[in-house]
Amino acid sequence: MAGFWSREKNDSQTLADLIRGLQHSVNAAMEMVETRNVELLGR
C-alpha cells in the first residue's frame with residue numbers, strides 16, 4: 001500500500017503537500033477570526 005507513510009522517493013513531496021495543507025488551514029482560520037473581530041469591533 002502506497003500511503004502517506006510509505007518509504008517511496010516522493011516522501012518529501014508528500015510532506016510538502018501536508019505542510020502546505022496545514023498552512024492553508026491556519027490561514028483560513030485566521031481570516032475567519034479576523035473577520036469576526038472586525039465585526040465585533042464595529043459594534
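The figures that follow rest on heavy atoms only: side chains count, while hydrogens, waters and symmetry mates do not.
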- Query: Out of curiosity, H24 NE2 to L22 CG, how far, rounded to the nearest 0.5 Å?
  - Reply: 11.0 Å

- Atom pair CE (M32) and CG (N27), whose distance is rounded to the nearest 0.5 Å: 13.0 Å

- Message: A quick test of your reading: do over 12 heavy atoms of other residues, nucleotides or ligands sit less than 6.0 Å from CD of E39?
- Response: yes

- Distance from T35 atom OG1 to M30 atom CE, nearest 0.5 Å? 10.5 Å

